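Each ligand, and each atom within it, is numbered from 1 in the order the structure gives. Position 1 is the first residue of the sequence, and the numbers go up from there. This one's a predicted model, so the numbers in the text were calculated from it and none came from an experiment. Just so you know, these numbers use all the heavy atoms, side chains as well, and skip hydrogens, waters and symmetry mates.
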Amino acid sequence: TKSEGLKVVTDVVCPFCGTLCDDVKVVLDGNRIVDTMNACIIGNEKFKSAQAGHRVMQPLEREEGTTQFTPVSYDYAVEKAAQILAKAKRPLFYGWSSTSCEAQEVGNELAEVCRGVTDNTATVCHGPSIMAIQTVGAPQCTLGEVKNRADLIIYWGCNPIHAHPRHMSRYTIYPRGFFTERGFDDRTLVVVDPRPTDTAKQADIYVQVEQGKDYEVLDALRTATRGEDIPDVVGGVPKAQIVQLAELAKTKKFGLLFFGMGVTQTIGKHRNIDIAISWVADMNKYTKFSLIPMRGHYNVTGSGQVMCWQSGFPFAMDFSRGYPRYNPGETTSNDLLRRGEVDAAMVIASDPGAHFPVSSMKHYAKIPTIALDPHYTPTTGVSNIVIPSTMVGVEEEGTAYRMDNVPIRCRKVIDGPEGMLSDEEVLRRILARVKELKGLPAGQ
Ligand code: SF4
């Protein structure tokens with residue numbers, strides 16, 4: 001490739017999903033990404049989106065009551081954002097999952113100074129898992145332990161082939177580990193899902209649960225594990241299959257339960273996870289068993305980590321009383337928006353315009369709003385101030401946390417567009433100006 005003037009950057013970290021692959025190669029022609037190697041189709045698209053036409057190239061302000069945007073300078077956008085936030089009584093800061101821990105840290109301080117609420121995408125994702133872990137604990141491990149030891153993999157309510165495409169090849173089913181030398185042949189794969197997904201098609205055992213009946217099936221599995229009797233059919237699953245799964249799990253050396261939106265976002269929500277964790281804990285009486293939530297964005301886990309270190313709570317953190325408070329259901333973004341309890345909002349590295357219910361976005365469209373994002377999205381379309389930024393993991397380095405809480409440093413591969421600021425820098429400038437407007441000392 002040298003003769004063509006191309007360069008390959010190795011050990012690049014993919015800033016898309018919670019698998020946080022760190023073996024990607026990016027092929028560059030000068031400052032242009034030509035191709036990627038090892039990344040899945042989604043990761044490849046994310047890298048290439050750095051030079052896509054839907055990049056926001058300049059800060060924008062929406063004219064009052066219209067859908068017209070006017071280009072403005074960074075100084076002007078920062079000033080306007082600071083004014084909105086300094087004036088607000090209870091602003092919401094939402095997003096955080098697709099930016100660096102360094103930016104998250106500054107953002108949480110901004111929320112505190114503004115006496116606002118800071119909340120990440122866990123609120124619509126694995127927030128219920130966090131609530132369950134806070135109730136009953138979390139027997140967890142890292143993905144390296146899975147690769148080297150696990151001989152039973154259960155994917156419950158998740159579809160990694162589509163959502164975490166390299167999860168199975170890097171950690172769970174296919175790799176040859178230290179104690180799993182035969183790779184695929186050393187492992188049994190169980191998939192629980194109402195739909196026969198592409199992941200389910202790979203399974204040794206496919207359990208077709210009725211939609212919304214996971215709690216019942218987990219409860220029956222727990223009961224069967226104890227050797228007690230269960231009904232003939234539970235949640236559409238025959239007794240024989242539940243008993244078979246309970247008995248099979250006991251014969252394995254190291255079992256792993258991976259779970260996703262099929263249990264966190266269906267009826268029962270955090271209680272589904274509560275009973276799943278309780279079953280995993282029970283299983284440790286017979287063998288070794290562990291669980292890992294299939295965290296979505298590449299750094300949603302990092303946002304929870306940073307919030308916890310700074311103020312003690314992993315999401316939905318409310319500073320309106322001057323000290324951190326946490327009460328999901330009350331201080332979560334959708335609850336605040338739907339009840340009209342916030343009077344300004346800033347969205348950072350996230351797209352609630354596409355992914356929140358309309359009932360929430362109706363309030364967002366009525367209040368002064370700021371969006372900080374490298375790309376045009378349904379959220380930027382309804383925000384008052386749009387501030388573009390460089391892409392972490394492509395044009396900016398920064399820390400991210402994998403789904404199993406392992407920190408990995410994302411690399412900078414190319415330079416961002418000329419004059420483009422990072423999320424961290426934009427947040428620092430807004431924070432400094434808000435402190436001035438509120439007459440607070442400038443120091444950290
Ligand atoms: S599996 Fe996830 S982290 Fe890995 S390359 Fe694909 S999108 Fe990126």
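In summary, R170 and D22 engage in a salt bridge, as defined by a charged side-chain N under 4.0 Å from a carboxylate O. By the 4.0 Å N-to-carboxylate-O rule, D274 lies close enough to R271 to be salt-bridged with it. A salt bridge does not link E395 with K412: none of the charged nitrogens is closer than 4.0 Å to a carboxylate oxygen.
Not counting sequence neighbours, the partners of K25 by the side chain to side chain contact (heavy atoms under 4.5 Å, CB included) test are V8, T10, M37.
Panel detail: atom 2 (Fe) of ligand 1 has protein N, O or S atoms under 2.8 Å away, 1 in number.
Taking the six-membered ring wherever Trp is involved, the centroid distance between the rings of H164 and F258 does not fall below 6.0 Å.
Judged by the 6.0 Å and 45° rule, K147 forms no cation-pi pair with Y171.
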